[in-house]
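Both backbone and side-chain heavy atoms feed into the values below; hydrogens, waters and symmetry mates do not.
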Amino acid sequence: MKYRGPMGHSGFMSKAADTRPDWDTYFMEIAHVAATRSNCSRRHVGAIVVRDKRIITTGYNGTPRGVRNCFDGGCPRCASDSPSGNSLGDCICAHAEENAIVQAAYHGISVKDAAMYVTISPCLMCAKMIINAGIREVVYEGEYRFTESTRSLLQEGGVICRQFTRAAGFNSSTGL
């Protein structure tokens with residue numbers, strides 16, 4: 001079977017090229033690529049919102065639009081020696097989930113009844129935004145302070161929440 005590969009290279013598909021990732025793996029890999037755009041000096045998180053197997057918006061964590069990047073000193077909390085999870089009220093960085101939802105609103109795109117793929121579990125603040133935005137499912141990979149109150153709130157808000165598990169043998173092309 002002929003195909004056109006990266007940079008217009010043509011050749012024959014190998015047995016490995018015939019193996020396609022399932023939808024969860026595909027979307028989670030793209031969330032990891034979104035995380036590479038993060039300008040936070042502490043953690044890189046990515047999120048994408050999907051409806052009907054199509055990406056409708058992406059987000060990553062970092063400082064607000066027009067504000068000096070976190071890794072350039074834009075966020076005093078991230079530049080401090082405050083331990084992880086402390087002084088979060090002083091952090092000016094927006095979360096990846098928040099940015100994905102806001103980016104959709106900025107461009108007039110509804111996220112109602114969509115699914116969100118995020119590289120780590122949502123916090124309580126993001127859970128409230130996810131519910132109010134009408135997102136119906138959250139698929140997360142790693143856990144980050146995923147409290148019982150956050151889980152309960154998502155469940156009560158009608159949001160299906162599940163942890164992504166990589167299929168055995170799948171090698172990430174992103175190297176993340």
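In this structure, CG on Leu124 lies 10.0 Å from CE on Met129, to the nearest 0.5 angstrom. Taken to the nearest 0.5 Å, the CZ atom of Arg136 stands 9.0 Å off from the CD1 atom of Ile131. Taking CZ of Phe164 as the start and CG of Asp22 as the end, the distance is 6.5 Å to the nearest 0.5 Å.
A donor-acceptor pair under 3.5 Å links the side-chain atoms of Thr63 to the main chain of Arg68, judged by distance alone. Formation of a donor-acceptor pair under 3.5 Å by the Ser38 side chain with backbone atoms of Tyr60 is not found in this model. Within the 3.5 Å criterion, the main-chain N or O of Gln103 finds no donor-acceptor partner in the side chain of Thr57. Judged purely by atom type and a 3.5 angstrom limit, Arg51 uses its side chain to pair as donor or acceptor with the backbone of Lys112. No donor-acceptor distance shorter than 3.5 angstrom exists from the side chain of Asn61 to the backbone of Asn39, with no hydrogens or angles considered.
Heavy-atom contacts from other residues, nucleotides or ligands closer than 6.0 Å to CZ of Arg42 number more than 12. Sparse packing is recorded around CD of Gln155, with 12 or fewer heavy atoms of other residues, nucleotides or ligands lying under 6.0 Å away.
Looking at every heavy atom in both residues, Arg43 comes nearest to Cys40 through O-CB, 3.3 Å. Listed here is the closest heavy atom pair of Leu154 and Cys161: CD1-SG, 3.9 Å. When every heavy atom of Ile120 is checked against every heavy atom of Tyr144, the shortest pair comes out as CD1-CB, 3.5 Å. Of all the heavy atoms in Glu97 and Cys123, the pair that sits closest is OE2-N, 4.5 Å. When all heavy atoms of Ala114 and Ile135 are compared, the pair lying nearest together is O-CG2, 3.4 Å. Looking at every heavy atom in both residues, Cys126 comes nearest to Glu98 through SG-N, 4.3 Å.
Clustering of Ile, Leu, Val, Met, Phe, Trp and Tyr by side-chain heavy atoms under 4.5 Å joins Val67 with Ile92.
Proximity of Arg166 to Glu29: side-chain heavy atoms (C-beta onward) are separated by under 4.5 Å at one or more points. Glu141 has its side chain within reach of His32: a pair of non-hydrogen atoms, C-beta onward, lies under 4.5 Å apart. Side-chain contact between Lys128 and Leu153: present, with at least one pair of heavy atoms (C-beta onward) separated by less than 4.5 Å. Within the 4.5 Å cutoff, the side chain of Ile56 has heavy atoms near those of the Val111 side chain. In this structure, the side chains of Val49 and Ile55 stay at 4.5 Å or more apart for every pair of heavy atoms. At a threshold of 4.5 Å between non-hydrogen side-chain atoms, the residues Val45 and Val118 count as touching. Side-chain contact between Met116 and Val50 is absent, with no heavy atoms from C-beta onward closer than 4.5 Å. Side-chain contact between Tyr106 and Arg65: present, with at least one pair of heavy atoms (C-beta onward) separated by less than 4.5 Å.
You'll find the ring centres of Phe146 and Tyr140 inside the 6.0 Å limit.
At a threshold of 4.0 Å, the pair Arg151-Glu143 counts as salt-bridged, since one of the basic side-chain nitrogens sits closer than that to a carboxylate oxygen. Comment: Asp24 engages Arg162 in a salt bridge, judged by a side-chain N to carboxylate O separation of less than 4.0 angstrom.
Taking the six-membered ring where tryptophan is involved, the planes of Phe27 and Trp23 are essentially parallel, since the angle between them stays under 30° and well short of 60°.
Not a single side chain to side chain donor-acceptor pair (under 3.5 Å) links Asp52 to another residue, sequence neighbours left out.
With no hydrogens or angles considered, a side-chain donor-acceptor pair links Thr150 and Thr147 at under 3.5 Å.
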